[in-house]
**Student:** 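This is the structure I want to talk about, given as structure tokens.
Within every chain, numbering begins at 1; the chains are lettered A, B, ... in the order of the sequence lines, protein sequences first and strands thereafter. Values reported hereafter were calculated over all heavy atoms of this structure, with side chains retained and with hydrogens, waters and symmetry mates removed.
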Amino acid sequence: MARSFYVTTPIYYPSDKLHIGHALTTTMADTLARFKRMQGYEVRFLTGSDEHGQKIQRKAAAANVSPQEYVDEIVASFQQLWQRLHISYDDFIRTSEGRHIACVQELFRRIYAQGDIYKSEYAGWYCTPCETFWPERQLVEGACPDCGRPVELLKEESYFFRLSNYADALLAHIESHPDFVQPVSRRHEMINFIKGGLEDLCISRTSFDWGIPVPMDPRHVVYVWFDALTNYISALGWGSSDESLFHKFWPEAVHLVGKDIVRFHTVIWPIMLMAAGVPLPKKVFGHGWLLVDGGKMSKSRGNVVDPFVLIERYGADSIRYFLLRELPYGGDGYYSEEALRQRYNTDLANDLGNLVHRSLTMIERYREGMVPAATAPAALENDLQRVAAQAVAQVEEELERFDMGAALAAAWRLVDRANKYIEETAPWNLARQGQNERLDTVLYHLAEGLRILRVVLAPFMPGLVTRLGHQLGLPNPGAFPAWEEAQTWGVLSPGTHVRRGEPLFPRLTDEEIPPEEGSLIATGTRVAGADLEPSGVPADSTGPAEGAVGKAGRSQAEQSPDTPPAEISIDEFARLDLRVARVVAAERITGADKLLKLTVELGGQERTVVAGIARHYQPQELVGKQVVVVANLKPARLRGVTSQGMVLAAVVGDELTLVTPEKEIASGAKVR
RNA sequence: GGCGGUGUAGCUCAGUUGGUUAGAGCACGCGGUUCAUACCCGCGGUGUCGUAGGUUCGAAUCCUACCACCGCUACCA
């Protein structure tokens, strides 16, 4: 009877593209899922999308499509990303699906029936023009964070969930189950939080309707977490006519989440389950973030890294390796393309790739590609076997505690040992001296070591399974191996015909370093399926100004301070149509904290230009100012607004100032 | 403010219940080797273990104070 294992990622919100931070959680989950499958577990791996909410409704309205159409398009891009990353999910739950809606309503009904949901009033700060409630801590100087206008304290009828009833039970559970919240630092925070007392949670809204109707009161839609968290059991058919998946996989569940949403998973979710009489999941694991430039990856910082570009550039296995290797257990990791390339070259190209290549080359050269039989194993061979067995055992151990980085480091001990083994045995000397038995033995041990590496690395880099399988001439190269195949030495049959092929990870040279901003997700572009907008985004400081100019300038300065950007000719410069324009109107753009929509007058005609300067200029102070715009820039949509050009600004770090003519001049004047 | 954490080689980090000359990887330097993707193997640190005190025969490891940085302190997914 196979043991079961259920692993989940958060369901992602389809209002924006995914970045590599999202890919991190999902890759971790995939690695665990594959590992458990290899061990013979019956595995269910769930990911999905959280599709409701006011934000989506707004964006859809701005794009003039229905919310469902809007999310369909973005969700398709999620799925495409997961496919490119070799994510082997068994199910993809969408909260707009009927099965989920029915489940949430059933759960709501049950908890309501037994008295833990009650109707009351939610008081919140409301921005009338934006039709949005804001939590107090999100207010910017007491005003709406979107539009800057004043907010008022309003009351709205809402359903509330009695978290307070379960605080003691939850605390007892967390304290008696040390594994429930991991790593321990998060566990302490949660214990502390609960001890501070729990307030009841507002779980419905009437101010928008893109959501799941409350069963007994359809004017309300179920709000946020109650809807989203339920995905973990709705996807198993809980409360439906077929609960077989639920019975098979629950509660052997592991929820992988980023550290920012640990609380929702360790407070709200368990209490929902308790209230419904459902057992709690085994574990919630909160991993750290992948930081960029020392800070969180975020759209407004303009440092969001696009996983599609990276996969295209380096391959899925390489990206997976980097993500899993770079994150310290429980802590944050640092992303930079330079770090990625470094990892790639040292670990993948030099150590692993080269090991494979040199080993197979020798088998081809000395034995016509046939793996010989090991007839004379000696001390060195025993040591290689011992290290292999140890590495396998340790990878397993680290994987069990979700330390992917340590697991990979353990696997690399075998890589290192094998490289050293070649040095120690010097097969080229054995060949020269005609020590054929010895040479046979060494070559067999090398091939066998590679065979084991293929198995051990399979959960992390699934693409390697087939590629290495081919090169090793395995009878069924694409078949995913069982974990136990790594635990036995001597499985590879002598006589197997290897095919050296191309290096698995070609070394990257410095000349090919791509511009870093090419991997950034263009900020402010409307998220539209998988087709990427060109990365240059007009008039958004987080795009060209901070993103391209600032970034490229900075990284070049670091590498070679004396190298300016490549020379251009006067003709190339002439392709820019730079003009003086006068700002005639300016307003904030709803839902964008850095963008202003400017109307400028340019030689008699008016245009709309979106500029990422809201942090630096108030709309009213811009009116009447003369600015310089790129007049022939291809239009782009930013937050639903079509921008016909971009405004030039000088940028250093967080400082920004508009470029403006030194004296008044007729608007439309050419800048050259 | 409250609670918790971190501060160890240029960089990223390990350092078990306090015990001889404080470690790994990367980067850097030298040597070796040639099967290999200018790769691999070996050798190389003078690190105030944040600062100042204290406990102890003995502390990076325990205690106190201070400094710096970080996390949590609820209804944005």
Side-chain angles (χ1 to χ4, degrees), chain A residues 10-16 49-56 95 122 124 132-138 145 158 160-161 163 183-203 205 223-228 258-264 267-268 286 288-289 294 325-334 339 342-343 345-366 405-406 409 412-413 415-416 418-432 442-443 446 500 502-509:
Chain A
I11 46 176
Y12 303 112
Y13 201 62
S15 69
D16 291 311
S49 52
D50 176 17
E51 307 187 356
H52 294 128
Q54 189 169 35
K55 202 176 201 170
I56 295 284
T95 56
Y122 172 78
T132 307
F133 275 99
W134 295 100
E136 183 143 12
R137 66 193 186 99
Q138 284 196 348
S158 282
F160 282 80
F161 177 36
L163 293 185
V184 282
S185 54
R186 302 287 153 210
R187 180 163 179 268
H188 290 146
E189 286 175 5
M190 287 312 108
I191 288 175
N192 215 297
F193 176 79
I194 297 162
K195 281 183 173 165
L198 296 183
E199 291 170 22
D200 291 348
L201 178 75
C202 168
I203 54 166
R205 285 294 155 95
Y223 191 53
V224 185
W225 288 106
F226 195 96
D227 174 0
K259 64 183 185 182
D260 49 333
I261 54 173
V262 168
R263 199 183 67 231
F264 305 110
V267 177
I268 299 176
W289 285 332
R325 180 66 229 252
E326 206 65 12
L327 212 68
Y329 183 77
D332 295 332
Y334 301 89
Q342 167 121 323
R343 275 286 177 212
N345 269 342
T346 58
D347 295 356
L348 297 179
N350 293 352
D351 291 348
L352 176 62
N354 186 46
L355 170 67
V356 172
H357 200 244
R358 66 196 300 213
S359 301
L360 298 184
T361 298
M362 288 190 283
I363 294 174
E364 290 203 338
R365 179 171 307 182
Y366 302 134
W412 249 253
R413 285 192 204 117
V415 174
D416 292 340
N419 270 321
K420 188 171 172 175
Y421 173 74
I422 295 179
E423 220 61 40
E424 291 167 337
T425 54
W428 49 93
N429 286 337
L430 300 177
R432 220 175 286 137
V442 169
L443 294 180
L446 282 175
R500 173 177 51 160
E502 293 304 304
L504 291 171
F505 302 98
R507 199 177 155 78
L508 304 166
T509 57

**Student:** Taking the side chain of A:Gln342 as its heavy atoms from C-beta onward, which of B:C26, B:U12, B:C40 lies nearest to it?
**Tutor:** B:C26
**Student:** Which part of the nucleic acid, if any, lies within contact of A:Asp347, taking any heavy atom under 4.0 Å across all strands shown: a base, the sugar-phosphate backbone alone, or nothing?
**Tutor:** nothing
**Student:** Has the side chain of A:Thr95 got a donor or acceptor atom that lies under 3.5 Å from a matching backbone atom of A:Ala228?
**Tutor:** no
**Student:** Could you state the interatomic distance from CD (A:Glu502) to NE2 (A:His357), rounded to the nearest 0.5 Å?
**Tutor:** 6.5 Å
**Student:** Go through B:C76, B:G42, B:C3 for me and flag the one nearest to the A:Tyr223 side chain.
**Tutor:** B:C76
**Student:** So what's the dot-bracket for RNA chain B: Watson-Crick or G-U pairs under 3.5 Å, [ ] if a pair crosses, | if it pairs off-strand?
**Tutor:** (((((((..((((.....[...)))).(((((.......))))).....(((((..]....))))))))))))....
**Student:** Nearest whole Å is fine: how far is B:C76 C1' from A:Arg205 CZ?
**Tutor:** 11 Å
**Student:** What contact category does A:Gly53 fall into here, base, sugar-phosphate, or nothing, at under 4.0 angstrom with non-hydrogen atoms?
**Tutor:** nothing
**Student:** Check whether any side-chain N or O of A:Asp332 sits under 3.5 Å from a backbone N or O of A:Trp289 as a donor-acceptor pair, and report yes or no.
**Tutor:** yes
**Student:** Please work out if A:Ile56 contacts a base, only the sugar-phosphate, or nothing of the nucleic acid, heavy-atom cut-off 4.0 Å.
**Tutor:** nothing
**Student:** Over how many whole Å does the gap from A:Ile261 atom CD1 to B:C75 atom P extend?
**Tutor:** 16 Å
**Student:** For A:Tyr223, check ring pair (Phe, Tyr, Trp, His ring centres under 6.0 Å) against everything at least two apart and list the hits.
**Tutor:** none
**Student:** Do any side-chain nitrogens or oxygens of A:Asn345 fall under 4.0 Å of OP1 or OP2 in B:U37?
**Tutor:** no
**Student:** Can you measure A:Arg263 atom CZ to B:G71 atom C1' for me and round it to whole angstrom units?
**Tutor:** 13 Å
**Student:** Just checking A:Pro503: base, sugar-phosphate only, or nothing, at a heavy-atom cut-off of under 4.0 Å?
**Tutor:** base
**Student:** Hey, what's the ring geometry for A:Phe226 with A:Phe161, parallel, tilted or perpendicular (30° and 60° as the breaks)?
**Tutor:** perpendicular
**Student:** Take atom C1' in B:G7 and the same atom in B:A60, then report the distance between them in whole Å.
**Tutor:** 11 Å
**Student:** Using ring pair (Phe, Tyr, Trp, His ring centres under 6.0 Å) as the criterion, list what pairs up with A:Phe193, not counting sequence neighbours.
**Tutor:** none
**Student:** Roughly, in whole Å, what's the span from CH2 in A:Trp412 to P in B:C40?
**Tutor:** 13 Å
**Student:** On RNA chain B, check which nucleotide each of A:Glu189 and A:Ser185 is closest to and give me the residue with the more 5' one.
**Tutor:** A:Ser185
**Student:** Could you work out the separation of B:C26 and B:A65 based on their P atoms and round it to a whole Å?
**Tutor:** 41 Å
**Student:** Heavy atoms only, 4.0 Å cut-off, all strands: where does A:Gly197 land among base, sugar-phosphate and nothing?
**Tutor:** base
**Student:** Could you state the CG-P distance from A:Leu201 to B:A74, rounded to the nearest angstrom?
**Tutor:** 13 Å
**Student:** Distance check, P atoms only: B:C49 and B:C62, in whole angstrom units.
**Tutor:** 15 Å
**Student:** So what does A:Leu198 hit on the nucleic acid, given a heavy-atom distance under 4.0 Å: a base, only sugar-phosphate, or nothing?
**Tutor:** base
**Student:** Distance check, C1' atoms only: B:G45 and B:C11, in whole angstrom units.
**Tutor:** 15 Å
**Student:** Between A:Arg186 (CZ) and B:G71 (P), how many Å, whole number?
**Tutor:** 9 Å
**Student:** Has A:Lys259 got a side-chain N or O lying under 4.0 Å from the OP1 or OP2 atom of B:C70?
**Tutor:** no
**Student:** Just jot down the ring pair (Phe, Tyr, Trp, His ring centres under 6.0 Å) partners of A:Phe160, sequence neighbours excluded, or say none.
**Tutor:** A:Tyr118
**Student:** Mark up nucleotides 29-36 of chain B, 5' to 3', with B wherever a protein heavy atom is under 4.0 angstrom from a base atom, S wherever such an atom reaches only the sugar-phosphate, and - elsewhere.
**Tutor:** ---BSSBB
**Student:** Between B:U46 and B:A38, how many Å separate the two P atoms, rounded to a whole number?
**Tutor:** 34 Å
**Student:** Mind checking A:Trp225 for me? I need base, sugar-phosphate or nothing, with any heavy atom below 4.0 Å counting as a touch.
**Tutor:** base
**Student:** Considering only atom P, compute the distance from B:U34 to B:G25 and round it to an integer number of Å.
**Tutor:** 25 Å
**Student:** Roughly how far apart, to the nearest Å, are B:G47 and B:G42 at atom P?
**Tutor:** 24 Å
**Student:** Minimum heavy-atom separation for A:Ala349 and A:Phe505, please, with both atom names.
**Tutor:** CB-O, 3.2 Å
**Student:** Can you measure A:Ile191 atom CD1 to B:G5 atom P for me and round it to whole angstrom units?
**Tutor:** 13 Å
**Student:** Taking the same atom, C1', in B:U16 and in B:A22, what whole-Å distance lies between them?
**Tutor:** 14 Å
**Student:** May I have the distance from A:Phe193 (atom CZ) to B:A74 (atom C1'), rounded to whole angstrom?
**Tutor:** 4 Å
**Student:** Side chain to side chain donor-acceptor pair (under 3.5 Å) with A:Thr361: which residues, sequence neighbours excluded?
**Tutor:** A:Arg500
